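One structure below.
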There are 4 protein chains.
Amino acid sequence: MPATRTSNRRVRARAPETTREALVGAAYAQLAEHGFEGLRTREIAGAVGVNIATLHYYFPHKQDLVRSVVGHAMARFRSTLSGSGAPADQLRAHFEGLRLLSRKEPQLFAVMGELALRAARDPAIAAILRKTDDTWHETLAALVRQARKDGALDEQIEPEGIAALIVAALKGTYLIPVASAQPERLDQTLHQLERSLGLRRKTTRRRP
Amino acid sequence: MPATRTSNRRVRARAPETTREALVGAAYAQLAEHGFEGLRTREIAGAVGVNIATLHYYFPHKQDLVRSVVGHAMARFRSTLSGSGAPADQLRAHFEGLRLLSRKEPQLFAVMGELALRAARDPAIAAILRKTDDTWHETLAALVRQARKDGALDEQIEPEGIAALIVAALKGTYLIPVASAQPERLDQTLHQLERSLGLRRKTTRRRP
Amino acid sequence: MPATRTSNRRVRARAPETTREALVGAAYAQLAEHGFEGLRTREIAGAVGVNIATLHYYFPHKQDLVRSVVGHAMARFRSTLSGSGAPADQLRAHFEGLRLLSRKEPQLFAVMGELALRAARDPAIAAILRKTDDTWHETLAALVRQARKDGALDEQIEPEGIAALIVAALKGTYLIPVASAQPERLDQTLHQLERSLGLRRKTTRRRP
Amino acid sequence: MPATRTSNRRVRARAPETTREALVGAAYAQLAEHGFEGLRTREIAGAVGVNIATLHYYFPHKQDLVRSVVGHAMARFRSTLSGSGAPADQLRAHFEGLRLLSRKEPQLFAVMGELALRAARDPAIAAILRKTDDTWHETLAALVRQARKDGALDEQIEPEGIAALIVAALKGTYLIPVASAQPERLDQTLHQLERSLGLRRKTTRRRP
DNA sequence: CATGAATGAGCATTCATTCAT
DNA sequence: CATGAATGAATGCTCATTCAT
């Protein structure tokens with residue numbers, strides 16, 4: 001029977017998660033903050049309060065830990081894709097959800113960005129990201145298709161193209177952090193996206 | 001008289017550029033291929049055929065070399081922003097130009113992606129990127145504004161929002177390489193962008 | 001009643017030996033295969049199918065386990081020294097026995113070689129090996145002495161010198177594995193030894 | 001032009017050898033003293049008085065350094081094989097030379113022993129050792145053959161077998177350090193070898 | 001300008017050993 | 001008896017940087 005967290009002699013207070021989960025969480029945070037370039041196993045172990053050898057007990061190689069972090073990030077992100085209600089409402093909710101997420105957990109987007117770049121050199125990560133990408137694209141295309149059928153969107157609209165545009169715009173908005181210094185750009189982009197889709201009246205202004 | 005490049009004992013044929021320029025070019029290529037994570041000064045010096053100490057003669061610190069690479073990349077990118085002709089044509093040309101550039105010099109986008117992520121941790125890079133970003137945004141907004149005045153675009157259109165959307169979509173398309181495995185997404189995005197702007201008839205299909 | 005070996009959940013079939021004996025046997029095998037340089041307690045425990053902590057229950061320190069392996073190897077080797085019959089026959093049998101042993105249990109010689117080298121740095125092992133060495137030497141000297149008395153060997157022969165030569169030649173033959181690639185050297189050596197002792201006619205050839 | 005030793009800022013006095021040679025020498029000494037098991041690059045660098053990174057500057061991998069040590073040891077050993085004079089005298093000189101060498105440079109035999117054992121797991125070392133072994137064997141066989149022709153040795157003698165016996169006995173004597181505690185064994189072995197070859201009268205005693 | 005040699009600080013990984021359960 | 005979890009102390013190796021020539 002594994003020792004319970006409470007009986008652990010470690011002083012540092014921690015949520016009642018396993019050491020393994022704590023390591024993944026710490027690696028996730030470190031990756032968001034320092035990128036792959038600055039991802040140090042010792043730093044991760046230190047953040048959790050365990051010896052570096054303990055990290056290697058759970059994840060023999062750094063790569064194994066990274067893989068777990070990828071899984072963690074993907075799960076976090078995919079959880080934002082589910083929704084309910086009318087398609088047009090779901091689209092609006094998706095945009096709004098990402099906006100909120102970017103404020104509450106900016107780490108997720110930083111990690112996604114790192115993974116996206118690393119995917120160019122790591123086929124394993126590329127495959128995983130592609131799967132998430134496809135799911136995202138398909139989810140949006142289905143929503144647009146349904147909204148069009150419901151009459152909420154113009155019949156001339158092409159669901160695939162629209163979905164591709166949305167995904168690209170959201171990636172460009174959230175994964176490329178340069179614009180974060182100009183938050184109005186983010187809003188402009190999203191509003192324009194909603195306007196282009198007819199989800200928002202053209203006369204509506206952000207700050208009346 | 002100092003020895004000219006041609007009298008140099010280095011065998012590797014090189015354009016008549018200075019060692020300094022060669023180093024920046026090699027660093028640019030290395031950054032595109034291996035990212036910041038795998039950027040090694042020895043590798044760069046080796047690619048140019050000079051001793052590592054020579055690299056440090058021109059760029060005392062790695063950071064200095066990186067800064068030069070940033071400048072190099074920015075210059076390359078900004079050169080794609082200039083154009084002439086009717087605004088609507090210029091917009092089309094901009095899209096087409098990027099499409100071509102992504103095929104002819106994919107390195108530029110890889111480097112831009114790396115810089116964009118690093119900007120989150122490096123204020124100096126962030127500032128430079130922001131300037132380019134602003135230029136890009138302004139150029140597009142001006143074009144849209146002019147096109148609207150010319151009657152080529154709907155009067156209801158908001159130049160700022162459209163520009164933000166275009167920039168975001170292009171960033172998401174070119175700087176995030178995941179989609180590269182599904183090249184049709186790239187085209188879908190660009191076509192949809194053109195359609196949304198009325199630059200392309202809705203009935204126009206890529207492959208009739 | 002304590003659980004017997006047979007009720008153990010370990011799947012790997014094992015002779016009805018104690019865990020302790022199994023550990024010594026596994027360590028013996030590992031030492032033969034990887035040498036002291038590659039002797040890993042985890043590997044040994046893994047081969048037996050027990051936890052590394054269990055190994056340390058039986059052998060608090062790696063050194064303790066090694067000591068047991070030394071004892072095991074010595075016992076194996078000394079068992080080859082006993083014999084019966086006429087001295088000359090015993091000598092022949094000893095040579096033949098080692099030849100067979102080197103084919104059937106090459107591990108023993110590998111381990112002996114490792115121990116012999118380590119003896120230079122480990123007085124405890126040196127003492128044990130010296131004892132075996134003395135026994136070996138004395139056994140041979142006694143045989144030679146008796147054979148000489150029996151008239152089977154030349155009266156001029158010096159038992160001590162002959163014994164030392166035999167031991168040295170056998171060590172050089174069996175403990176130094178380089179020659180293993182030239183198996184004929186091994187036979188040449190043994191035949192020559194037998195010839196020198198008059199145990200084999202000079203005209204006898206291995207391959208007529 | 002490489003900096004001369006004398007201008008080096010290192011305090012530790014050293015023979016006027018290159019850093020590279022000093023590293024090989026230190027590795028040789030360390031290997032003799034601690035065996036492969038205890039061979040530490042940091043220790044070697046420390047003995048020479050250079051940083052560990054300097055060691056890796058000359059020998060990128062530990063293996064590379066070991067290879068140089070093997071070459072060094074082989075050169076040392078082969079230098080003992082050359083001789084001049086009558087074959088019988090050369091044989092006597094060879095024995096005497098090894099006896100002296102074992103006193104003056106016991107490290108060589110310790111290293112040879114380590115290499116011999118490691119050869120079982122390292123084909124590269126095995127190949128090198130085999131070559132030296134063959135040279136040794138051939139040199140001795142040729143001497144014996146010549147001595148036989150000169151009438152210094154019995155016509156019945158088989159040069160190949162005798163050479164194999166000599167090599168085995170010398171290996172067992174010098175590479176297996178156990179007997180070093182009983183130095184008389186070493187002499188007994190060598191004397192017996194000489195007697196067996198007729199190089200020494202049977203009545204000759206070391207200590208009358 | 002250019003280089004060979006050298007280094008300090010650090011990195012992922014390993015391994016025998018310990019301990020609460 | 002036996003184990004999962006954890007650790008301290010290395011170990012081979014890397015990399016940007018320095019410096020005398």
Side-chain angles (χ1 to χ4, degrees), chain A residues 1-5 7-10 18-20 39-45 48-63 65, chain B residues 2-3 8-10 18-20 38-45 49-65, chain C residues 2-3 5 8-10 18-20 38-45 49-65, chain D residues 1-5 7-10 18-20 38-45 48-63 65:
Chain A
M1 198 195 329
T4 58
R5 279 304 103 196
S7 69
N8 196 294
R9 78 191 105 148
R10 255 174 273 146
T18 64
T19 298
R20 187 187 190 86
L39 192 65
R40 299 287 175 263
T41 53
R42 270 188 161 77
E43 209 64 29
I44 295 166
V48 174
V50 300
N51 188 281
I52 177 62
T54 300
L55 183 150
H56 284 285
Y57 174 77
Y58 289 100
F59 305 96
H61 299 275
K62 192 182 181 181
Q63 172 104 309
L65 176 55
Chain B
N8 195 294
R9 81 188 104 146
R10 257 174 273 149
T18 64
T19 296
R20 184 184 189 86
L39 192 65
R40 301 284 175 265
T41 53
R42 271 198 152 78
E43 210 62 28
I44 294 166
V50 300
N51 189 280
I52 177 64
T54 301
L55 183 148
H56 281 283
Y57 172 80
Y58 289 102
F59 305 96
H61 298 272
K62 191 182 182 181
Q63 174 98 321
D64 303 324
L65 177 54
Chain C
R5 278 300 104 200
N8 196 294
R9 80 187 105 146
R10 256 174 273 147
T18 63
T19 296
R20 185 185 188 85
L39 192 65
R40 301 285 175 265
T41 53
R42 270 198 152 78
E43 210 63 30
I44 295 166
V50 301
N51 188 279
I52 177 64
T54 300
L55 182 149
H56 280 283
Y57 172 80
Y58 289 102
F59 304 95
H61 299 273
K62 192 184 181 182
Q63 173 100 321
D64 303 324
L65 177 55
Chain D
M1 198 196 331
T4 58
R5 279 305 103 195
S7 70
N8 196 294
R9 80 189 105 149
R10 254 174 274 147
T18 65
T19 298
R20 187 186 188 86
L39 191 66
R40 300 287 175 263
T41 54
R42 273 186 163 78
E43 207 65 27
I44 295 166
V48 174
V50 300
N51 189 280
I52 176 63
T54 299
L55 183 150
H56 285 285
Y57 173 77
Y58 289 100
F59 305 96
H61 299 275
K62 191 183 180 181
Q63 173 103 310
L65 177 55

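Just the heavy atoms: all of them, side chains too, but no hydrogens, waters or symmetry mates, feed the values below. A note on names: the letters A, B, ... follow the listed sequences, proteins ahead of strands, and every chain is numbered from 1. Just so it is clear, the structure is predicted and the values come from calculations on it, not from any experiment.
- Nearest-nucleotide positions on DNA chain E for R40(A) and R20(D) put R20(D) closer to the 5' end.
- For dA5(E), the OP1/OP2 oxygens have a side-chain nitrogen or oxygen of Y57(D) closer than 4.0 Å.
- Look at CD on Q63(A): it is 19 Å from P on dC11(E), rounded to the nearest Å.
- Straight-line distance from the CD1 atom of I44(A) to the P atom of dT13(E): 11 Å, rounded to whole Å.
- One distance of note links CZ of R42(B) with CG of N51(B); it measures 7.5 Å at 0.5 Å rounding.
- R20(C) meets the side chain to side chain contact (heavy atoms under 4.5 Å, CB included) test with T18(C), Y58(C), F59(C), S68(C); sequence neighbours excluded.
- Between R42(C) and the phosphate of dC15(E), there is no side-chain N or O to OP1/OP2 separation shorter than 4.0 Å.
- Between dA6(E) and T19(D), a contact under 4.0 Å exists linking OP1 or OP2 to a side-chain N or O.
- Checking dC1(F), dT7(E), dT3(F) against every side-chain atom of T54(D), the shortest atom distance belongs to dT7(E).
- Distances shorter than 4.0 Å separate some side-chain N or O of H61(B) from OP1 or OP2 on dT17(F).
- Smallest separation of non-hydrogen atoms from T19(D) and T54(D): CG2-CG2, 4.2 Å.
- Comparing the helix axis at one end of the helix from dA2(E)-dT21(F) to dT21(E)-dA2(F) with that at the other, each defined from 5 consecutive pairs, gives an inter-axis angle of 20° (nearest 10°).
- Side-chain contact between K62(C) and L65(C) is absent, with no heavy-atom pair separated by less than 4.5 Å.
- Both A53(D) and K62(A) lie close to DNA chain E; mapped to their nearest nucleotides by heavy-atom distance, the more 5′-ward contact belongs to A53(D).
- One can place CZ of F59(B) at 15 Å from C1' of dA16(F), the figure rounded to the nearest angstrom.
- Between T41(C) and dA16(E) there is a side-chain N or O to OP1 or OP2 distance below 4.0 Å.
- Within 4.0 Å of L39(C), counting heavy atoms only, lie sugar-phosphate atoms of the nucleic acid but no base atom.
- Residue N51(B) has no polar side-chain atom (N or O) positioned under 4.0 Å from OP1 or OP2 of dA2(E).
- For the pair H56(D) and I52(B), nearest-nucleotide mapping onto DNA chain F gives the more 5' position to H56(D).
- If you take NE2 on H56(C) and CG on D64(C), they are separated by 10.0 Å, rounding to the nearest 0.5 Å.
- For the pair L65(A) CG and dC11(E) C1', the interatomic distance rounds to 15 Å; values are reported in whole Å.
- In this structure, I44(C) CD1 and I52(C) CD1 are separated by 8.0 Å, a value rounded to the nearest 0.5 Å.
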